[in-house]
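Predicted, not measured: the structure shown is a model, and the values here were computed from it.
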Amino acid sequence: MLSELAEKKILSLLGFAQKAKKITSGDANVRALLKKKQVKLLVIADDLSEEAKNRWYRKAESFDVPCFSFSNKSAIGLAMGQSPRAIVALLDESFADAILKCRMESMEK
């Protein structure tokens, strides 16, 4: 479970990635970019159905892309300045690394 501070940091990084145009969301967009091997990290909303989460985890694994779930659709969408988002793909290695580092640091505590 992520700390509240870590969740805020990750949501903030998602917002910065959106402003930098280094993120995409939506089923079709994410699938297309996975196939093009442009996705560095998948983030799944916790309130997505278990079946859908498992489907995305399998897809991420098949493309060797790190993937985790956290927060909720509304918070993720709000952080990105968008409507609720269930799945987002980071397209930049630096943003992906920063998010993964924040997540790992929070889980170690």
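- Taken together through direct or relayed side-chain contacts under 4.5 Å among Ile, Leu, Val, Met, Phe, Trp and Tyr, I23 and I10 form part of one hydrophobic cluster.
- Put simply, CH2 on W56 and CG on N54 are 13.0 Å apart, with the number rounded to the nearest 0.5 Å.
- K53 NZ: more than 12 foreign heavy atoms inside a 6.0 Å radius.
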Please output the side-chain donor-acceptor pairs of residues 61-79 that fall under 3.5 Å, not counting sequence neighbours, one pair per line with the distance.
from : atom 1 : to  : atom 2 : distance (Å)
S62  : OG     : K59 : O      : 2.8
S69  : OG     : D46 : OD1    : 2.9
S69  : OG     : Y57 : OH     : 3.1
S71  : OG     : E7  : OE2    : 3.0
N72  : OD1    : S74 : N      : 3.1
N72  : OD1    : A75 : N      : 2.8

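- L42 and L90 fall into different hydrophobic clusters, where Ile, Leu, Val, Met, Phe, Trp and Tyr side chains are chained together by heavy-atom contacts under 4.5 Å.
- Residue pairs meeting the salt bridge (Lys or Arg N to Asp or Glu O under 4.0 Å) criterion with at least one member in residues 24-39, sequence neighbours excluded: D27-R31.
- Note that CD of E105 is 5.0 Å distant from NZ of K101, once rounded to the nearest 0.5 Å.
- If you chain together hydrophobic residues whose side chains sit under 4.5 Å apart, L41 and L11 fall into the same group.
- Criterion: ILVMFWY side-chain heavy atoms under 4.5 Å apart, direct or through other members. Under it, L48 and V88 are not part of a common hydrophobic cluster.
- Under the side-chain hydrogen bond (donor to acceptor under 3.5 Å, both in side chains) criterion, K40 pairs with no residue, sequence neighbours left out.
- Proximity of a side-chain donor or acceptor of S25 to a complementary backbone N or O of I87 within less than 3.5 Å is not detected.
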Counting only pairs under 3.5 Å, give me each side-chain donor-acceptor contact of residues 92-100, with atom names and distances, residues two or more places apart or in other chains.
from : atom 1 : to  : atom 2 : distance (Å)
D92  : OD2    : S94 : N      : 3.0
D92  : OD2    : F95 : N      : 3.0

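- For S106 against S3, the heavy-atom pair with the smallest separation is OG-N, 3.0 Å.
- Taking E51 as the reference, nothing meets the side-chain hydrogen bond (donor to acceptor under 3.5 Å, both in side chains) condition, with sequence neighbours excluded.
- Looking at residues two or more places apart in sequence or on another chain, you find a side-chain contact (heavy atoms from CB on, under 4.5 Å) between T24 and N29, V30, L33, A89, L91.
- Here the CD atom belonging to Q18 is positioned 4.5 Å from the CD atom belonging to Q82, to the nearest 0.5 angstrom.
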